[in-house]
Amino acid sequence: MSDLKEMIIRTMPNGKETLNEIKVLKKTGYDYSLEKGKVEKTINRLHRDNLKLIVSEIRNINENAKTFRLITKDEYLPVFQSGQYINLFVEIDGVRTSRPYSICSSNKQRAYYEITVARIQNGFVSDYFLDKVKVGDEFEANGPAGVFHFNPAFHNKNNVYIAGGSGITPFISMIKEVTESGLDRNIHLIYGCRDEDNILFKEELERIQNKHSNFKFSVILSEPKQTYKGLKGFIDEKCIKNIIKDIKNKTYYICGPQIMNDFVVNELEKMNIKKSMIRREMFGSRQDIQNEPGWPKNLSGNETFKIKINDKKEIEAFSKDSLLTTLEKNGIRVNVCCRSGECSLCRVQLKKGKVFMPRGVLLRHADEKFGYIHSCKAYPITDIEICI
């Protein structure tokens with residue numbers, strides 16, 4: 001320490017005690033001056049702008065879902081909070097696009113990330129992963145990102161997880177964190193699926209439940225076989241009350257298709273659950289956007305409109321395709337992460353024309369003031385002009 005710095009500290013209130021503590025820390029603590037010049041390397045270890053990942057293992061979950069283990073091609077895998085996702089970039093038939101996938105491995109280990117991909121109808125990326133991706137394939141990604149995770153400052157230690165279909169994936173990581181680390185949290189998972197064949201991680205969830213008293217799970221099927229003897233129907237008010245019993249003093253986490261997500265939130269609000277105790281994670285945009293409330297009744301989704309970009313290039317777009325999807329199909333790259341209208345990385349400026357934006361888009365006040373829209377959740381309903 002320089003003489004000038006020591007003199008200044010000595011003139012401060014409790015300066016003498018502070019100088020004594022500095023002497024003690026120099027003997028017993030870590031000398032952070034050794035990190036001088038390593039700021040960028042330290043930040044990159046925790047928050048990488050770009051990840052280079054390799055598929056090291058593929059496991060079949062069922063006929064329509066696989067788990068992919070991803071290891072790093074570089075030095076580090078950034079830390080993440082259980083419930084967060086990575087945004088994985090792929091190039092298919094000349095189209096570069098991306099999809100956010102929740103990390104379903106435990107955040108207590110740093111050797112790999114695991115994601116689980118389930119097939120969806122006409123799934124451009126899901127079909128590619130399930131039918132063509134093999135061990136050794138390499139991908140770029142950004143993240144981890146997202147706010148769908150436990151926050152000890154605001155959330156109750158008694159948690160109810162409500163999942164629909166492949167919306168189970170972030171909960172797997174959250175369940176592993178709690179049970180493997182012995183955390184003081186109680187979890188009840190309510191898992192809704194169409195039928196028995198679409199239940200993901202059933203054996204693993206049963207194993208965890210049998211081993212840990214602070215975790216329970218219930219499955220409810222909407223279209224079960226006649227021989228099925230478990231819970232049937234939808235995750236409505238009656239279902240939640242029958243399963244959870246004491247519905248108060250709990251934090252509710254919901255992840256699944258938007259239709260299911262909206263339905264469950266409405267049921268929880270009918271039960272007078274405070275909005276602050278409801279956490280939601282969206283899984284992208286619905287495929288039938290023309291059925292979204294507020295969609296123009298005179299449009300079917302198959303109309304084509306012109307998009308003028310930066311006062312130069314002009315392309316055509318279907319009204320049913322998000323602006324981001326159209327840009328990607330035309331080889332135009334836009335920064336992107338969540339694809340759900342939350343992170344704002346894909347925003348562009350709307351200079352002229354009209355777009356339809358569904359529920360759940362988190363536009364900032366500044367975005368609205370200066371005409372910015374989230375391209376992942378904006379659908380052209382007239383000819384438009386944008387600036388990117």
Any chance CZ of Arg59 has more than 12 other-residue heavy atoms, nucleotides or ligands included, within less than 6.0 Å?
yes
Sorted by chain and number, sequence neighbours left out, ring pair (Phe, Tyr, Trp, His ring centres under 6.0 Å) with Phe318 holds for none
One should read off an interatomic distance between Leu362 CG and Cys343 SG, to the nearest 0.5 angstrom, of 10.0 Å
Holding to ring pair (Phe, Tyr, Trp, His ring centres under 6.0 Å), I want the full list of residues that pass it with Tyr161, two or more places apart in sequence or in another chain.
Phe171, Tyr253
How close do Cys337 and Leu345 get, heavy atom to heavy atom, and via which atoms?
CB-CD1, 3.6 Å
Between the side chains of Glu368 and Arg364, is the shortest nitrogen-to-carboxylate-oxygen separation below 4.0 Å, so that they form an ion pair?
no
Per-pair distances, 0.1 Å, donor-acceptor, side chain in residues 16-25, under 3.5 Å, sequence neighbours excluded:
{"unit_1": "Thr18", "atom_1": "OG1", "unit_2": "Asn14", "atom_2": "O", "d": "2.9"}
{"unit_1": "Asn20", "atom_1": "ND2", "unit_2": "Lys16", "atom_2": "O", "d": "3.4"}

Considering residues at least two apart in sequence or located in another chain, which fulfil the ring pair (Phe, Tyr, Trp, His ring centres under 6.0 Å) criterion with Phe150?
His155
Within this structure, what is the NZ-CD1 distance for the pair Lys202 and Ile199, rounded to the nearest 0.5 Å?
5.0 Å
Run the ring pair (Phe, Tyr, Trp, His ring centres under 6.0 Å) test against Phe215 and tell me which residues pass, sequence neighbours left out.
none
By the salt bridge (Lys or Arg N to Asp or Glu O under 4.0 Å) test, which pairs, at least two apart or in different chains, include something from residues 177-196?
Lys157-Asp184
Hey, would you say the Phe129 and Phe124 ring centroids sit under 6.0 Å apart?
no
I'd like to know if the side chain of Gln209 and the backbone of Phe217 have a donor-acceptor N/O pair within less than 3.5 Å.
yes
Selection residues 77-106 - residue pairs positive for salt bridge (Lys or Arg N to Asp or Glu O under 4.0 Å), sequence neighbours left out
Arg96-Glu140
Are any side-chain N or O atoms of Ser181 and backbone N or O atoms of Val178, one a donor and one an acceptor, separated by less than 3.5 Å?
no
For Lys132, enumerate each residue passing the salt bridge (Lys or Arg N to Asp or Glu O under 4.0 Å) test, keeping only those at least two apart in sequence or located in another chain.
none
Neighbour count above 12 (heavy atom, 6.0 Å) for Gln121 CD:
no
To the nearest 0.5 Å, what is the distance between CD1 on Ile247 and CD1 on Ile273?
4.5 Å
Applying ring pair (Phe, Tyr, Trp, His ring centres under 6.0 Å) as the test, list every pair that has at least one member in residues 336-377; sequence neighbours left out.
Trp295-Phe356
For residues Thr116 and Thr169, is any side-chain donor paired with an opposing acceptor at under 3.5 Å?
no
Heavy-atom pair of closest approach, residues Pro257 and Gly164:
CD-O, 3.6 Å
From Leu268 CG over to Ile162 CD1, what is the distance, rounded to the nearest 0.5 angstrom?
5.0 Å
Show which side-chain atoms of residues 298-305 pair as donor or acceptor with protein atoms under 3.5 Å away, not counting sequence neighbours.
{"unit_1": "Ser300", "atom_1": "OG", "unit_2": "Asn302", "atom_2": "N", "d": "3.3"}
{"unit_1": "Ser300", "atom_1": "OG", "unit_2": "Glu303", "atom_2": "OE2", "d": "3.1"}
{"unit_1": "Asn302", "atom_1": "OD1", "unit_2": "Lys320", "atom_2": "NZ", "d": "3.3"}
{"unit_1": "Glu303", "atom_1": "OE1", "unit_2": "Ser300", "atom_2": "N", "d": "3.3"}
{"unit_1": "Glu303", "atom_1": "OE1", "unit_2": "Gly301", "atom_2": "N", "d": "3.0"}
{"unit_1": "Glu303", "atom_1": "OE1", "unit_2": "Ser319", "atom_2": "OG", "d": "2.9"}
{"unit_1": "Glu303", "atom_1": "OE2", "unit_2": "Ser300", "atom_2": "N", "d": "2.7"}

Of the non-hydrogen atoms in Cys376 and Gly341, which two are nearest, and what is the gap between them?
SG-N, 3.3 Å
Looking only at side chains, do Glu328 and Thr97 share a donor and an acceptor under 3.5 Å apart?
yes
Looking only at heavy atoms, what is the nearest atom pair of Pro380 and Asp321, with distance?
CD-O, 3.6 Å
Can you tell me which residue pairs pass the salt bridge (Lys or Arg N to Asp or Glu O under 4.0 Å) test with a partner in residues 116-131, sequence neighbours excluded?
Arg119-Asp127, Arg119-Asp131
Just to verify, what does Lys270 make a salt bridge (Lys or Arg N to Asp or Glu O under 4.0 Å) with, not counting sequence neighbours?
Glu267
Answer yes or no: is there an ion pair linking Glu204 with Lys176, defined by an N-O contact shorter than 4.0 Å?
yes
Looking at CG of Leu200 and CG of Leu205, how far apart are the two atoms once the value is rounded to the nearest 0.5 Å?
9.5 Å
